[in-house]
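Computation of the quantities below employed the complete heavy-atom set of this structure, encompassing side-chain atoms and omitting hydrogens, waters and symmetry-equivalent molecules. Since the model is a prediction, treat every value here as computed from it, not as a measurement. Reminder, nothing fancy here: chain letters follow the sequence lines and each chain counts from 1.
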2 protein chains.
Amino acid sequence: MSDADDAFIRQSFDLIDGLDGLSDPLDVQKTIFDLVARCGFSYFAITRLPQPSERIGPNLLLSVWPDGWLAHYDRVGHYRYDPVVRHCFRTTEPFAWNEAPLEPDTASQARRVMEEAREHGMGAGYCVPIHDAHGFQGGISLAGERVEMTPRVRRAVHLLGLYAWSAAARTTARRRKPGGRLLSARERDVLSCAAQGRTQEETADFLGVSIDTVATHLRNARTKIGTRNTTHTVIEALRLREISL
Amino acid sequence: MSDADDAFIRQSFDLIDGLDGLSDPLDVQKTIFDLVARCGFSYFAITRLPQPSERIGPNLLLSVWPDGWLAHYDRVGHYRYDPVVRHCFRTTEPFAWNEAPLEPDTASQARRVMEEAREHGMGAGYCVPIHDAHGFQGGISLAGERVEMTPRVRRAVHLLGLYAWSAAARTTARRRKPGGRLLSARERDVLSCAAQGRTQEETADFLGVSIDTVATHLRNARTKIGTRNTTHTVIEALRLREISL
DNA sequence: CCCGGTATCCCGGAAAACCGGGAGGGTGCC
DNA sequence: GGCACCCTCCCGGTTTTCCGGGATACCGGG
């Protein structure tokens, strides 16, 4: 527990104290970047979990990120194989990029993602996954050529990441999702019923409409989301946060 | 940013450093209690989210909790109305018990929960919700007659709670769930396929078995979990963490 | 005023899932 | 050697869902 660590921890807490007062996302971005730069990070990004579209770009909340890397990442579809992303689904604790395990079936693609990241100046990184009551929501990634952090600093960065996420989500809240829901209210109703195990007939009774109406709503929901049957639709609607349990 | 705060923060980080080495849950419990007692807390509990049974008791990982309160809480079914629990579903940030909003439709029951907690020596409390990739998982609650924490200390307790949760889950992992999965491997396989929208026939091809086998597995999973159809089974299996997305 | 979206209802035929049996072979435990 | 699972496969009959066409009505924006 060196003095340098304690100083960094104190600065992190100071920064968190200050986040509440900020309302401009760019202020948040600058504040955070100034601090993490001291750990040797050149880049950082705060991002929501891309839903099925599988593109990170529109989901970035704040970022100082290498030019071209993001566009390339989206174009090539790295998101599907990025071991850092996949590890976020399995752990709540922050981890260094090189600690993210390679899954056997996607190992070669995963290695390519990491290799190309290195070529873009991100040889090492640290990721703080963000989860809420609905599951994995996004994360904070820090990256640079080389990174060295003591365990204590990692924990300070962990806490910092959590509050940075809140601040980023708060200050950018206006821009995203004006009202944009994919499904209609009735479609969400029938899917909620289906999730509870009701048949179309039971759902019809429950909602006070005919079976055909229920079937129509299910069909429309299916075509909207692009799913293959009711089970699939319910699962996807859940992931899209159209319905909840 | 008083010296007292900084001292507490340093102690919290020391404690977190030490948690990794502990393997006995009682050591974890004692270590944490010693520290939080300094904030004026007399009690604390680390608990998983009760699944459908709606009883906290079996889900407590570690606790120093008033005699009788837990039994009463379970017997009366407070869990359903506890505003602290309900707020955990909405927020990722820690909060003081009195900051948990009362929902209009359950306000009277909620008030009663808080009232009775006060009678058991818990007039004030602080809760750290825990979420993972599957959603709300549980929480850490600290309570006492009266509590005063500066914002910085609250954040230190936040971080402490996260690591305390990990340590509690790790050290108590053996006791609960000896291997105890409800479903068999194959049953989980077919449910995962169903969640991806595969028909029984497609699942059969994918797994290299006959349709009848798939149907049998689905049927057995249904009767085991007690669900009504495949959609319902998939959803419940997801909640029970038998399968994941 | 028309168009798109929503909500409601209808039909018939095809496909899929569900039900309740049975049954053989495997593993592992007491 | 039973006993309890698990995995595999089979059957016939029933229920439910899915598919593809419809139709009517309401509402709000361009």
(request) Can you check whether any acceptor in the base of D/dG21 is under 3.5 Å from a donor in the side chain of A/R219, or vice versa? (result)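 Present.
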(message) Quick check: any donor-acceptor pair below 3.5 Å linking the side-chain of B/T216 to the base of D/dC9?
(response)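 Per atom types, the contact qualifies.
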For [X] and [N], what is the distance between atoms [atom1] and [atom2] respectively, to the nearest whole Å?
X	N	atom1	atom2	value
B/I211	C/dA16	CD1	P	9 Å
B/L218	C/dA16	CG	P	15 Å
A/E187	C/dT8	CD	C1'	13 Å
B/D212	C/dG22	CG	C1'	12 Å
B/D205	D/dT8	CG	C1'	16 Å
A/L207	C/dT6	CG	C1'	15 Å
A/D189	C/dA7	CG	P	9 Å
A/L183	C/dA7	CG	C1'	15 Å

(message) From the set D/dC18, C/dC18, D/dC9, return the single nucleotide nearest to any side-chain atom of B/N229.
(response)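 The listed nucleotide nearest to B/N229's side chain is C/dC18.
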(request) Tell me which nucleotide among C/dC9, C/dC18, D/dT8 gets nearest to the side chain of B/V209. (result)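 Comparing C/dC9, C/dC18, D/dT8 against the side chain of B/V209, the answer is D/dT8.
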(request) Indicate yes or no: at least one non-hydrogen side-chain atom of B/I225 is less than 4.5 angstrom from one of B/L183. (result)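 A side-chain contact exists here, since the closest heavy-atom pair is under 4.5 Å.
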Between [X] and [N], does any side-chain N or O lie under 4.0 Å from OP1 or OP2?
X	N	value
B/K224	D/dC6	yes
A/Q200	D/dT15	no
B/T230	C/dC18	yes

Regarding [X], tell me which of base, sugar-phosphate or nothing describes its non-hydrogen contacts under 4.0 Å with the strands shown.
X	value
B/A185	sugar-phosphate
B/T213	base
B/T199	sugar-phosphate
B/N220	nothing

(request) May I ask you to decide whether A/D82 forms a salt bridge with A/R86, counting only side-chain N to carboxylate O separations under 4.0 Å? (result) no
(message) Between A/R112 and A/E116, does any side-chain N to carboxylate O distance fall below 4.0 Å?
(response)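 Between A/E116 and A/R112 there is a salt bridge, with a charged N closer than 4.0 Å to a carboxylate O.
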(request) Grab the two heavy atoms, one from A/L207 and one from A/R186, that are nearest each other, plus how far apart they are. (result) O-NH2, 3.5 Å
(message) Is the ring pair A/H72/A/H120 parallel, tilted or perpendicular, if the boundaries are 30 and 60 degrees?
(response)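 Ring orientation of A/H72 relative to A/H120: parallel.
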